[in-house]
There are 2 protein chains.
Amino acid sequence: MTSPDDRPYHHGDLRRVIIDTAIAMLDEPAGPQFTLREVARRAGVSHAAPYKHFPDKAALLTEIALIGFERLREALAAGSAGAPPGAVPALVGMARAYLEFGASNPALYRLMFGAGMDRSLHLSGRAMGAFDEVIGLLERGQAEGVIRPRPVRGQAAACWAQMHGLTLLALDGLLLPEKVGDGAVDAALSVLLEGLAVDPARWVQGHG
Amino acid sequence: MTSPDDRPYHHGDLRRVIIDTAIAMLDEPAGPQFTLREVARRAGVSHAAPYKHFPDKAALLTEIALIGFERLREALAAGSAGAPPGAVPALVGMARAYLEFGASNPALYRLMFGAGMDRSLHLSGRAMGAFDEVIGLLERGQAEGVIRPRPVRGQAAACWAQMHGLTLLALDGLLLPEKVGDGAVDAALSVLLEGLAVDPARWVQGHG
DNA sequence: CACCTATGTTTCCACTGTCAACTTCTGCAT
DNA sequence: ATGCAGAAGTTGACAGTGGAAACATAGGTG
C-alpha cells in the first residue's frame, strides 16, 4: 500500500536524478553497461523519459565523466591544500588524493579514462582542470627550487602517468602484496619523487 | 555467384576463427562491445555456434585477454633481447616495446586491463609472465650494479605503473604536444630511469 | 555397421536502445 | 485570468542482442 500514485506528472528534477542514479549504478556489477531502462525504473519514470534529457546513452556517460573530472580536480586541490607547507609535501598530498579518488570511485574513474569516450572530452576545459592543478604545483616547486628545472609539462606527464597507472593497477587488484610486495604504492611514489625532486633524500626516507 | 553453399556442416576450426575474428573486431568502433552474432556472421556460421565453444561472451573476452598477455610477454622479451648489452638499455628497450604494444593493439590492451575482467585473470600464470619479465630484468640490473638496490617488486610496480599509465594516456590522446609538450614519453621515461638507475646521468642524456 | 558425442542449426524468449505519436503540465504574453 | 507553445513524460512499437532448448549432422569408435 504505497501511496496511490500521487506522483506528479512532471518529475521536476529528473535530469539530476538520472545522473545520480546512473553514477550509483556505475559501481554495481554491470558497471557502465547499466541499462538506461533500469535507470528510468529506479527514478520512477517511464523507460523513454531519459531521452528528454540526453540524446542517447553515450551522452549521459559523457556528462558523468565530466562530473568525474570536476570531482577529481576538487579532490586534488584539497589534497595539496591539506598537506604540510612546501611544494613537495603538497605534491605527495595530491598524489595520495589522486589514488584515493580512484580507489573510492573505481567505475567512475574507469569511465573517465576508458574507451568510448569522445576524444575531445579529455581536451575540454572541464576535464583539463585536474591536469592544471598538477602543472601549477610543479611550477611552484620549481620556483621554490625543490623540483628539478625541466619542462614542466613533461614532468606533469610523468606524474600523471604514474598516478594513472598505479590507480588502475590497484583497481585491477594487481598491487596485491603477494605479487608486488608490501608498500608497492609507496615504493612507486618514492621512485617518482626521486625522479622529480632536486634533493630526494630530503623527502624520501628509509631506503630499505 | 559465390560458391553455392558447399560449406561443410562442420567448420573444422571454428574456435580459432571465432577468436581471430573477435580480436580483429576489437579495433573497430564498437570495441569490445562487438556483437557475438556478428562474429558468427563473419565466420559464416549460425549465431548460436559460438556457444558451443564459449559458455558466454565474457568467456570469449577472457580468452582473448589471456592471448593478449601472452603476446605482451613475447613483445617485452623481444624488446629487451633486441637492445644493446646491459640491463639498463634492455629496460629501455622493454619499455619501448611495451608502449608500442599498446599503441599497436589499443582495444586489446584496454580489454586486458579493463573492467569486467575476472579479478583472478591477472593473477593467473598465463597473465603474470609479462610481469616476471620485468622483475627478471630488474634483478639482473641490480646484480650488475646499475639498478639501485631496493625491493625489486616495488621497482617493478613503479615500472609497470609508469608504462601502464603512459600507454593509456597515449591511447586516450592525452599526450598530445599541445597539452604535454613534445617528447612527453621520453620525459616520463627519463624520470623513471632517474628514479631507478644508480647513475642516471650515464643513461639519460640531454637535461633540458 | 550402429551409435555416441561434439559441433552446428533453428527457434524461441526476455530484454535493450531508440523512435514516433500522444498526453499533460508550466511559463509567458496578452 | 486566459490561452497557447513548448518542455517533460507516457505508451507502444521496432530491430537487434545474449542466451537456452530442441533438433540435425557428421566423424570416430565399438
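As the structure is a prediction and not an experimental result, all values here were calculated from the model. All chains are named by letter (A, B, ...) in the order of the sequence lines, taking the proteins before the strands, and each is independently numbered beginning at 1.
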| Can you check the B:Glu38 CD to D:dG16 P distance for me, whole Å? | 11 Å
| query | For B:Gln33 and D:dT17, what is the distance between atoms CD and P respectively, to the nearest whole Å? | reply | 13 Å
| Residue pairs passing the side chain to side chain donor-acceptor pair (under 3.5 Å) test where at least one lies in residues 101-112 of chain B, sequence neighbours excluded | B:Tyr98-B:Tyr109, B:Tyr109-B:His164, B:Arg110-B:Asp172
| Nearest-Å distance, CG (B:Asp56) to P (D:dT17)? | 17 Å
| request: Go through the structure and list residues passing salt bridge (Lys or Arg N to Asp or Glu O under 4.0 Å) with B:Arg37, not counting sequence neighbours. | output: none
For nucleotides 11-14 of chain D, give me every protein contact, N/O to N/O, under 3.5 Å, one pair per line with atom names.
from	atom 1	to	atom 2	distance (Å)
D:dG12	O6	A:His47	NE2	2.7

| request: Would you kindly give the CD1-to-C1' distance between B:Ile18 and C:dG8, to the nearest whole Å? | output: 11 Å
| field | Between D:dT25 (C1') and B:Leu14 (CG): distance, integer Å | value | 15 Å
| query | So how far is it from A:Leu61 CG to A:Ile19 CD1, rounded to the nearest 0.5 Å? | reply | 11.0 Å
| task | Report yes if a side-chain nitrogen or oxygen of A:Arg41 is closer than 4.0 Å to either non-bridging phosphate oxygen (OP1 or OP2) of C:dT16; otherwise report no. | result | yes
| query | Rounded to the Å, how far apart are A:Leu60 CG and C:dG17 P? | reply | 11 Å
| For A:Arg148 and A:Leu196, what are the C-alpha separation, side-chain angles and deciding distance, and is it a side chain to side chain contact (heavy atoms under 4.5 Å, CB included)? | CA-CA 6 Å; A:Arg148 297 183 191 178; A:Leu196 288 172; over 6 Å; no
| remark: Contacts of A:Thr35 and B:Lys52 projected onto DNA chain C by closest heavy atom; the upstream (5') one is B:Lys52
| query | Closest to the A:Val45 side chain: D:dA8, D:dT10, C:dG17? | reply | D:dT10
| Distance in angstrom units between A:Tyr51 OH and C:dC22 P, rounded | 21 Å
| said: Under the criterion salt bridge (charged side-chain N to carboxylate O under 4.0 Å, His left out), I'd like the reasoning laid out for B:Arg42 against B:Glu38: C-alpha separation, chi angles, the key distance, then a yes or no. | reply: CA-CA 6 Å; B:Arg42 297 196 192 182; B:Glu38 177 64 18; 3.0 Å; yes
| said: Let's test your reading of the model: under 3.5 Å, does the base of C:dG17 pair with the side chain of A:Lys57 as donor and acceptor? | reply: no
| request: Compute the ring centroids of A:Phe69 and A:His122, then answer whether they are less than 6.0 Å apart. | output: yes
| field | Check: A:Thr21 and A:Arg41 side chains under 4.5 Å, non-hydrogen atoms | value | no
| request: Whole angstrom is fine here: how far is it from CG in A:Leu36 over to P in C:dC19? | output: 12 Å
